[in-house]
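These numbers come from a predicted model, not from an experiment.
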Amino acid sequence: MKRYEALAEDMTESIRTGVLQPGDRLPSVRHTSASRGISPSTVFQAYYLLEARGLIRARERSGYYVSAGVRRVPPEPELASQPADGSAAVDVSERVFDILEASMSRDVVPFGSAFPSPMLFPMARLGQVMAAAVQTLDPWTTVDDLTPGNAALRRQIALRYLAYGVHVHTDEIVITNGALEALNLCLAAVTRPGDSVIVESPTFYGALQALERMGLQVIEVPTHPREGIDLAALERAIVRHRPKACWLMTNFQNPLGSLMPEHHKQALVSLLTLHGIALIEDDVYGELYFGDKRPLPAKAFDTQGLVMHCSSFSKCLAPGYRIGWAAPGRYAKAVARQKLTTTLSASAPAQLGLATYLERGGFDKHLRKLRQTLATQQSTFAQAVGHYFPPGTRATRPAGGYFLWVEMPAHVNALEIHRRALSLGISVAPGPIFSAKHAYTHCLRLNYGHAWDARSEQALATLGQLVAAS
């Protein structure tokens, strides 16, 4: 972090934990500058950032004060998960379908949604660019770009990798119908029915559905809510079960929001390389970081082509366009063949439109605004959880993405909370859908990627009441 960001984070933590109470005066700029050994301009930058987040307010000729409406956030979960040992067949799809289908309505408050608000994206601008680009579309590209995809788009994606220090050749990239197809193609390229695959615990339900559909065994490995998968537990699982692949999210994991430190990513890749195991890296939230630089994917430490990196534009730029990609290293040809024999290609107009948008610039400006919005909404949402949910509640504090993982008191039944909340027009994602063994029965995943307004606050207050009454 930059110095002003580090100071802002320290102040934020003091406010959220109650060290600084609503109405308290912050240390003066002069005092903070002297005590921290930083310039007054750095202190001002930090205070401006806190003001933009709604945590403090300036009073003329008096200084800065903690805002009256600031609430404490709940404490974070402290321990890694402890899933039951051993491999297991997967049987989650029916429950996931039932829960998600019930939540797909504009009339429902979308705390259980897997997507941020579509209002956060430059849809009009994208439409204009696509309309103009399609008018000059070379008809032959609809054949030339079938698989692996539009050459201009693959080049722009390769440039994005290069910008954060990862060298991926354009020829390695395969364009897909969203990241989920990329992940499924990678899984099909390295496994056969009956094989075992390691996942985090809890894990993205889409991974569990893919494993179930392909007849694969799942091995759930303990995962820390801040730092991701437990590497020692991972090594023990590898030695015991000899899996064919790992499906992991190293950046802002869904549902926990955990961010694996870079040295852990490096150690992860070294461990998997030692055992010759492919890593299917789901990195759809990597661009939604709140710090000063994008966290590297595990792909950055891969020297043997074992990391199959997958992402998309659905969560950061163009929801509904269904354009994703895989950079599958040594498995690029196998993934391209899987694509060729299944869905053949992604939409040619959508690929061309996104390539043109990226070439013209504006993506990074959009991302800066999106990240700021999500960071602000997380702060407000977390404070509301702390305010409305009963004592004993814990919630993660991710450094990116748009999910909070909420641990309620142990006696609370998340599936019952889901059912009762939905009857009141509020969706949540209950913990059991994130586990092959239907664990996390007292946990919820909540989405803060939609606008915070009176309706949202009332819905969260209602949710807190349901939990308190359980």
Side-chain angles (χ1 to χ4, degrees), residues 80-81 157 160-161 163-168 179-180 182-183 186-187 190 197-208 210 218-235 237-238 243 245-275 277-291 293-312 314-316 324-329 331 371 396-403 405 434 445:
S81 60
I157 292 169
R160 297 292 302 177
Y161 279 113
Y164 52 86
V166 182
H167 295 277
V168 173
L180 192 55
L183 293 157
C186 288
L187 189 63
V190 296
V197 176
I198 284 176
V199 300
E200 295 140 318
S201 182
T203 193
F204 170 46
Y205 53 73
L208 296 175
V218 64
I219 304 160
E220 296 184 338
V221 173
T223 303
H224 192 276
R226 282 192 300 274
E227 298 189 345
I229 197 163
D230 182 322
L231 294 181
L234 173 61
E235 185 169 20
I238 289 172
C246 293
W247 179 326
L248 308 178
M249 300 180 75
T250 61
N251 294 327
F252 316 125
Q253 191 255 12
N254 177 5
L256 291 176
S258 58
L259 173 61
M260 185 178 286
E262 285 189 5
H263 65 282
H264 282 199
K265 291 172 184 170
Q266 190 167 12
L268 167 68
V269 174
S270 295
L271 175 63
L272 297 183
T273 300
L274 178 66
H275 292 277
I277 297 171
L279 170 60
I280 301 169
E281 185 177 21
D282 182 351
D283 195 24
V284 294
Y285 307 106
E287 293 283 11
L288 304 181
Y289 57 91
F290 302 155
K293 71 172 186 174
R294 189 197 196 283
L296 289 174
K299 179 78 172 175
F301 305 102
D302 181 26
T303 59
Q304 303 300 314
L306 284 168
V307 178
M308 311 170 80
H309 186 258
C310 302
S311 192
S312 83
S314 297
K315 306 297 193 299
C316 61
W325 70 89
Y331 306 103
R371 293 175 195 130
T396 54
R397 217 168 297 163
Y402 49 88
F403 295 125
W405 180 250
F434 300 97
R445 188 198 69 185

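- Note that the OG atom of S258 and the CH2 atom of W405 stand 11.5 Å from one another [nearest 0.5 Å].
- None of I238, V218, I280, L272 except one satisfies the side-chain contact (heavy atoms from CB on, under 4.5 Å) rule with I198; the exception is I238.
- Nearest heavy-atom pair, A210 versus W247, reported as atom, atom and distance to 0.1 Å: CB-CZ3, 3.9 Å.
- Pairs passing the side chain to side chain donor-acceptor pair (under 3.5 Å) check and including a residue from residues 295-308, sequence neighbours excluded, read E172-K299.
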Steps toward side chain to side chain contact (heavy atoms under 4.5 Å, CB included) verdict (L231, L268):
CA-CA 7 Å; L231 294 181; L268 167 68; 4.0 Å; yes
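- Every residue meeting the side-chain contact (heavy atoms from CB on, under 4.5 Å) condition with S201, not counting sequence neighbours, appears here in chain and number order: S81, P83, E220, Y440.
- Within the 4.5 Å cutoff, no side-chain heavy atoms of F403 are placed close to those of P255.
- A donor-acceptor contact shorter than 3.5 Å links the side chain of T396 to the backbone of L256.
- With sequence neighbours left out, A182 forms a side-chain contact (heavy atoms from CB on, under 4.5 Å) with T176, C310, A326.
- The minimum heavy-atom distance between P295 and L259, with the atom names listed, is CB-CD1, 3.8 Å.
- Side-chain N or O atoms of E200 include one that pairs as donor or acceptor with a backbone N or O of M249 at under 3.5 Å.
- Ion pairing between R371 and E287 holds under the 4.0 Å rule for side-chain N and carboxylate O.
- Counting heavy atoms from C-beta on, the side chains of F434 and N254 come closer than 4.5 Å.
- Minimum interatomic distance between P328 and C186 (heavy atoms only, all atoms of both residues): CB-SG, 4.3 Å.
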Determine whether L180 and S314 satisfy the following criterion, side chain to side chain contact (heavy atoms under 4.5 Å, CB included), listing intermediate values before the conclusion.
CA-CA 10 Å; L180 192 55; S314 297; over 6 Å; no
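- Annotation: Y402 is in aromatic contact with Y285 [ring centroid separation under 6.0 Å].
- From D282, atom CG reaches atom OG1 of T203 across 8.5 Å, with rounding to the nearest 0.5 Å.
- Residues satisfying the side chain to side chain donor-acceptor pair (under 3.5 Å) criterion with W325, sequence neighbours excluded, are Y161.
- When all heavy atoms of L288 and C316 are compared, the closest pair comes out as CD2-CB, 4.2 Å.
- The main-chain N or O of P297 is never found under 3.5 Å from a side-chain atom of E281 such that the two would form a donor-acceptor pair.
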Residues F301, L296; criterion side chain to side chain contact (heavy atoms under 4.5 Å, CB included); working and verdict
CA-CA 9 Å; F301 305 102; L296 289 174; 4.1 Å; yes
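- Within a 6.0 Å radius of CD in E227, more than 12 heavy atoms belonging to other residues, nucleotides or ligands are found.
- Between M308 and A278, the shortest heavy-atom distance links the atoms SD-CB, 4.2 Å.
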Test side chain to side chain contact (heavy atoms under 4.5 Å, CB included) on V168 and H309 and set out the steps.
CA-CA 10 Å; V168 173; H309 186 258; over 6 Å; no
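- Residues forming a side-chain contact (heavy atoms from CB on, under 4.5 Å) with D230 (at least two apart in sequence, or on another chain): P222, A232, A233.
- Considering all non-hydrogen atoms of both residues, K315 and V284 come closest at CB-O, 3.8 Å.
- Residue pairs satisfying the side chain to side chain donor-acceptor pair (under 3.5 Å) criterion with at least one member in residues 260-270, sequence neighbours excluded, are listed as follows: N251-K265.
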